[in-house]
Every structure is written in C-alpha cells, then in structure tokens.
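What follows is one structure encoded as structure tokens, with my remarks underneath.
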Amino acid sequence: MSMGNLGVVLAIVYVIFGLLLGGNTARADEPSASADPVVMPVELFFKEMQLLARRVPVGNTKLEQEDSLKKLREEIHAKFDGVILQYDARFESVDWRNDLATIKTRSPIRKYKPSSRLPFNITTTQPLAIPASREEAGALQTRKPLVFRGTLCFQDGKWGAVGRPPKSQSIFWIRSENYKQVVSIGTFITEDYSVSLGDDEIFSMHPDQDAE
C-alpha cells in the first residue's frame, strides 16, 4: 500500500472512531434534557437502609457509639437526601377538620421484626394531611391505591411535628436495634411531594415551582 493510500485509510479510521466515541456522547456535566427523574420504590429504600445500618460498625464504648451514631447519620444523609421515593398504600380511614383531610393508610413497608440482619425499625408516620374540602375528603374513600411520591430529607434525631417545616410531610421515623438507648435516629420528611389516587393526582407541593 502506498503512503498516499495509507493516509486516506488512517483518515477514514480517525473519522469513524471520532463518531463512535464523541459524536453522540454527552459530557457528564451536561444533563440530558429528556431524562426522567430516577424514582426509588419503597422496597429498595427498605433494603438499602438495612444494608447501610449493617455497614456502619457500632462502637463498643459510650464515646465510640456517639461517634458511630454520628457516622451513621452522615451516611444516611449522603445516601438518601434528595432521593425521590414512591410508595403505594391502601386506605384505612379519612377524617376531615379545619380544611384538612387526614388520611391513614396501611404501611407501605411489610411487617417485620427488627434484628441484627434488619437493624433499623422503620415506622411509617401517620396520618398524611392534605388540604381538602369536606366533600373532597369524603370522596377519598376509595379502593384505588394512594400513591405518594416525595423528595427525601433526613432530620437527625427528630420525629413527629417537632422541628420540621410547617408545610412538610413526615414519612418515616427511624429507630435502631443497635442504638436502643436512642429514642430516634431521625425522621425522613419531604417538602416536595405529590399524592395521587391511582393515576389521578389530588395534591402536590413543589416549593421551587411555587416560588417562580
């Protein structure tokens, strides 16, 4: 093969590799405009939480346990803050008072006994409260599953309505078999969420959109 032909072949190969490697490859810092948000189902959330609890060693002395508890909370923040969680649940009851429908559902987490393999006791906080008229609250009694989707935020050591933003929803309260002396490892709340009946959204709270 002459040097001229070799040059042509190399040029063609270069173009082909350029198309394969760079032509349709987006940079890591360029988000895809068509990408849908990644949603974590509650079953995966439960599994990942228990794995995390087992992965962080528990200290032996009181001071070591204070350090390991701090590390555990840091790991929870790093793993779950900003994650979009979704679960389906069946209605148990709906009450209405002061323009709020308070909804009780079955727990989206299957009943289990905390153990060394499942150290976290993850309790669904109840009830779920959303703005509604009395008529709207009455219409919520249905066989359709309630679908809850929210962006997670973990609060260290807090539970119930104490210390959380007034428009937020509390989702899960976390305790641990490894730290029985600690009343609460923390609480997962959300300020950005939606509530649907089947495919029909009945309420949503999106602070970023509301601010625009």
Side-chain angles (χ1 to χ4, degrees), residues 37 39-50 76 80-114 118 120-177 180 182-212:
V39 177
M40 177 179 286
V42 72
E43 296 83 3
L44 180 58
F45 168 80
F46 177 84
K47 178 181 177 181
E48 292 292 331
M49 278 289 288
Q50 301 296 357
I76 294 174
F80 294 102
D81 278 354
V83 167
I84 301 174
L85 176 84
Q86 179 171 310
Y87 69 76
D88 297 4
R90 292 288 178 183
F91 280 93
E92 285 192 343
S93 66
V94 179
D95 292 321
W96 181 86
R97 181 178 295 178
N98 299 328
D99 295 324
L100 285 176
T102 53
I103 304 167
K104 289 185 179 181
T105 67
R106 297 178 185 176
S107 174
I109 294 178
R110 281 207 217 165
K111 192 172 182 179
Y112 71 101
K113 185 176 181 180
L118 303 171
F120 276 143
N121 188 339
I122 304 175
T123 304
T124 307
T125 53
Q126 296 278 0
L128 178 68
I130 63 172
S133 66
R134 185 180 181 87
E135 292 74 20
E136 289 170 335
L140 295 178
Q141 291 282 18
T142 174
R143 292 185 177 182
K144 290 182 179 180
L146 179 142
V147 182
F148 184 91
R149 177 184 289 195
T151 302
L152 296 179
C153 175
F154 185 69
Q155 288 196 314
D156 297 355
K158 296 178 181 179
W159 68 99
V162 179
R164 66 180 173 87
K167 291 186 177 181
S168 65
Q169 289 283 354
S170 179
I171 308 174
F172 297 118
W173 172 31
I174 311 299
R175 290 173 289 165
S176 175
E177 289 294 290
K180 291 184 177 181
V182 179
V183 175
S184 175
I185 302 298
T187 304
F188 280 101
I189 69 167
T190 181
E191 295 182 81
D192 189 332
Y193 63 95
S194 65
V195 181
S196 303
L197 288 179
D199 296 327
D200 301 321
E201 185 177 285
I202 58 173
F203 181 75
S204 67
M205 176 71 69
H206 304 297
D208 291 342
Q209 295 179 12
D210 295 341
E212 294 177 357

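- Atom NE2 in H206 sits 5.5 Å away from atom OG in S194 (nearest 0.5 Å).
- Listed by chain and residue number, S107 satisfy the side-chain hydrogen bond (donor to acceptor under 3.5 Å, both in side chains) test with T124 (two or more places apart in sequence, or in another chain).
- Atoms CG and CD1, from L140 and I202 in turn, are 5.0 Å apart once rounded to the nearest 0.5 Å.
- By the 4.5 Å heavy-atom criterion applied to side chains, P165 and Q155 are counted as neighbours.
- Every residue two or more places apart in sequence or in another chain that forms a ring-ring contact (aromatic ring centres under 6.0 Å, His included) with F45 is listed here: F80, F172, F188.
- Considering every non-hydrogen atom in both P127 and T102, the closest pair reads CG-CB, 4.0 Å.
- At least one donor-acceptor pair closer than 3.5 Å links the side chain of T125 to the backbone N or O of S170.
- Under the salt bridge (Lys or Arg N to Asp or Glu O under 4.0 Å) criterion, the residue pairs touching residues 134-154 are K144-D200, with sequence neighbours excluded.
- The side chain to side chain contact (heavy atoms under 4.5 Å, CB included) check on V147 picks up Q86, D88, S196, with sequence neighbours excluded.
- Of all heavy-atom pairs spanning R106 and A89, the tightest one is O-CB, 3.5 Å.
- With sequence neighbours excluded, the residues satisfying ring-ring contact (aromatic ring centres under 6.0 Å, His included) with F148 are Y87, Y193.
- Summarising the geometry of I76 relative to M49, their closest heavy-atom pair is CD1-CE, 4.5 Å, with the distance given to 0.1 Å.
- D192 CG to I84 CD1: the interatomic distance, rounded to the nearest 0.5 Å, is 7.5 Å.
- Nearest heavy-atom pair, V183 versus R175, reported as atom, atom and distance to 0.1 Å: O-CG, 3.2 Å.
- In plain terms, the two heavy atoms of Q50 and I122 that are nearest each other are NE2-CD1, 4.1 Å.
- Atom CD in E191 sits 11.0 Å away from atom CD in Q169 (nearest 0.5 Å).
- With D81 contributing its side chain and F154 its backbone, the two residues share a donor-acceptor pair below 3.5 Å.
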Check step by step if side-chain contact (heavy atoms from CB on, under 4.5 Å) holds for M40 and L152.
CA-CA 10 Å; M40 177 179 286; L152 296 179; 5.8 Å; no
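- To the nearest 0.5 Å, the span separating CD1 on I109 from CZ on F120 amounts to 12.0 Å.
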For residues 91-101, which side-chain N or O atoms pair as donor and acceptor with protein atoms under 3.5 Å away, sequence neighbours left out?
residue, atom, partner, partner atom, Å
W96, NE1, A132, O, 2.7

Residue pair T105, L128: steps toward the side-chain contact (heavy atoms from CB on, under 4.5 Å) verdict:
CA-CA 8 Å; T105 67; L128 178 68; 6.0 Å; no
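- A 4.5 Å side-chain heavy-atom check between T190 and L85 finds every atom pair outside the cut-off.
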